[in-house]
There are 2 protein chains.
Amino acid sequence: MTDVTTEASGATQRPAAARAIGPEGAPAYDLIELLFFAYRDFVRDADEALAAYGFGRAHHRVLHFVDRNPGLRVTELLDILKITKQSLGRVLRELIDQGFVIQREGASDRRQRLLFVTERGDALALKLAHLQTERISRALDGCDADVGAAARRFLFAMVDPEERNAVARLATPGRPRGGRA
Amino acid sequence: MTDVTTEASGATQRPAAARAIGPEGAPAYDLIELLFFAYRDFVRDADEALAAYGFGRAHHRVLHFVDRNPGLRVTELLDILKITKQSLGRVLRELIDQGFVIQREGASDRRQRLLFVTERGDALALKLAHLQTERISRALDGCDADVGAAARRFLFAMVDPEERNAVARLATPGRPRGGRA
DNA sequence: TCGTTACGTCAGTCATATTGACTTATCCCG
DNA sequence: CGGGATAAGTCAATATGACTGACGTAACGA
C-alpha cells in the first residue's frame, strides 16, 4: 500500500500517534478527520454553483437561513451565524442589491428590518439545498436505514449545549414545512 | 414557543419551505443545518486555543496532518488540504520558523522536503486533538453505543467517491497507532 | 542533455472575518 | 416628556486564508 506514513522510513522521528495517549485516552482521530473531509466536500457542491452568481459561502448561509425563516431579524441572523454585523453587512447588501433578499419594516417594532427571500432568492436557495441533499441522499443510500437517524443524533450532540435549544428550533426533522405554526 | 418563524406574522410572504418540494424530493434541511452547526462549534474549540499562539485554522490543519503522517511530502499535504502551494507557503513557513514543524531532505529523492513535527509541534497537535476529542466523547456519551460507528459511516459516505480511498488511508479507526506498518 | 518534477517565492487580488467608533431611528420606562 | 436602551447601518483599518500567474532552482530520470 502507498500509506503516506511509510514515506518516513529514512527519518529518525517516530510517528506522533505512538505517544498520542493523553489524559483523556486516545484522540478520536478518525472522527476528527472524517468531519474535516466530509465538510470539505459537502460545502464544495454549493461553492461551485455560487461562483456563477459571484457569491461565496457567506451569501449561501444568509440566503439559506432567510429562506428557511422568513421574517428573520438581523440580530437573530447574527446569532445563528456567530459573526459580527459588519461582516454580515456587505454580504446582505449584495443579496439585497441583486434582488435575492428584501427587507421590510417590522410591523410591531419599526426599528426591525425583517428579512425575506424574493422568488429569485428562494429559487437559488432551493437549488443549493438540492445540491447538498443529493450528496446526503447518496451517502445514506449506501448505508443501513438507521444511519441517518444516528448521524442526526451525533451531529446534534456535537453542538454546544447552550446552543442546542436554538438549533433544535431551526433544524429538527419534524419542523413544519407548510406553515408558521 | 419563541420560534423565529412566528416573527413574520405581519408579512405577506409565505415561508419558502412551503414550496420546497423539488425534483429530488424534500431537501434534507435537518442534516444540512446540523452539519453547519456541528462543524461551527467543532472548529471553535481549537480556534480559541490557537489564538494564544497567533495561529489560525490553517496552521491547525497543517500541524494535524503532519503530526499524524510523519514524513509527509509537501505535495501530499496540498492534495489532502485541496489548497495551492502559495496558500500553504506562509502557514508552513510560520510553523517552521516558530519551531513546530521541521523539514528534512528526502533520503531517496533529494528534491523532497519531508515534513515532521517537533516535540513542541506534537504537543500542540495533541492538545488540540484532545480538545476536539473531548467534544466528540461528550457527544457520544449521550448516545446509544452504535451511534459512533454510524456517524463514521455517514461521514465517510459524504466524502467524494474519488477521494474515499485517500481518506480511508488517513482516517480509518483501525489505523495502527504504534508504528508505521 | 533535456524534459519533468518538487519545491519555493514574488506580486497582486479577493472573500470573509475582525475591532472600534459613530449615527440614526425607534422603543419603552419612569 | 425625557432619556437610556435597543435595532440596524456605516466608516475605517486590519487579519486571515484563499486565489491566479509567473518565475526560479534544484534534482530526477529517460
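In what follows, chains carry the letters A, B, and so on, assigned in the order in which the sequence lines appear, proteins first and then strands, with residues in each chain numbered from 1.
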Under 4.0 Å: is that the gap between some side-chain N or O of H59(A) and OP1 or OP2 of dA15(C)?
-> no
Are the charged groups of E163(B) and R40(A) less than 4.0 angstrom apart, N to O?
-> yes
Take the protein atom CG of L114(A) and the nucleotide atom P of dT6(D), then report the distance between them rounded to whole Å.
-> 19 Å
Is the distance from OP1 or OP2 of dT26(C) to the nearest side-chain N or O of R110(A) less than 4.0 Å?
-> yes
Could you check how far CG of L78(A) sits from C1' of dG9(D), rounded to whole Å?
-> 11 Å
Taking for V91(A) and for G89(B) the nucleotide of DNA chain C with the nearest heavy atom, the one nearer the 5' end belongs to G89(B)
Tell me whether the OP1 or OP2 atom of dA17(C) has a side-chain N or O from T84(A) closer than 4.0 Å.
-> no
Picking from dA6(C), dA5(D), dA17(C), the nucleotide nearest the side-chain atoms of T75(B) would be dA6(C)
When we call it a touch if two heavy atoms are under 4.0 Å apart, what does E105(B) touch: a base, just sugar-phosphate, or nothing?
-> nothing
In plain terms, say whether R44(B) and D41(B) are close enough for a salt bridge, that is, a side-chain N and a carboxylate O under 4.0 Å apart.
-> yes
In whole angstroms, how far is the P atom of dA7(D) from the CG atom of D79(A)?
-> 11 Å
Is the F100(B) to F55(B) ring centre distance short of 6.0 Å?
-> yes
Run the numbers on F42(B) and F154(A) for ring-ring contact (aromatic ring centres under 6.0 Å, His included), then give the verdict.
-> CA-CA 12 Å; F42(B) 172 64; F154(A) 170 70; 9.0 Å; no
NZ of K82(B) versus C1' of dG17(D): gap in Å, rounded?
-> 18 Å
Please report, rounded to the nearest Å, how far the P atom of dT4(C) is from the CD atom of Q112(B).
-> 19 Å
Assign Q103(B) to base, sugar-phosphate, or nothing according to its heavy-atom contacts below 4.0 angstrom with the strands shown.
-> sugar-phosphate
Side chain to side chain contact (heavy atoms under 4.5 Å, CB included) evaluation trace for T118(A) with D122(A) = CA-CA 6 Å; T118(A) 62; D122(A) 178 53; over 6 Å; no
Just to confirm, is there a sub-4.0 Å distance from OP1 or OP2 of dG17(D) to any side-chain nitrogen or oxygen of S87(B)?
-> no
Send over the distance from R111(A) CZ to dT24(C) P, rounded to a whole Å.
-> 17 Å
Nearest non-hydrogen partners of Y29(A) and A129(B), listed with the distance = CE2-CB, 3.9 Å
Value in whole Å for how far the P atom of dC23(D) lies from NZ of K85(B) | 13 Å
Any K85(B) side-chain heavy atom under 4.5 Å of T75(B) side chain | no
Nearest of dA8(D), dT26(C), dG17(D) to any side-chain atom of R90(B)?
-> dG17(D)
Donor-acceptor pair present, Q86(A) side chain and dG9(D) base, under 3.5 Å = no
Against the side chain of I83(A), the closest entry in dA8(D), dA5(D), dA17(C) is dA17(C)
Please give, in whole Å, the distance from dG9(D) P to L115(A) CG?
-> 8 Å
Tell me, please, which residues at least two apart from D79(B) pass salt bridge (charged side-chain N to carboxylate O under 4.0 Å, His left out).
-> K82(B)
Neighbours of DNA chain C within residues 46-58 of chain A, by heavy-atom distance under 4.0 Å | G56(A), R57(A), A58(A)
Closest nucleotide of DNA chain C for R93(B) versus for R113(A): which of these residues is on the 5' side?
-> R93(B)
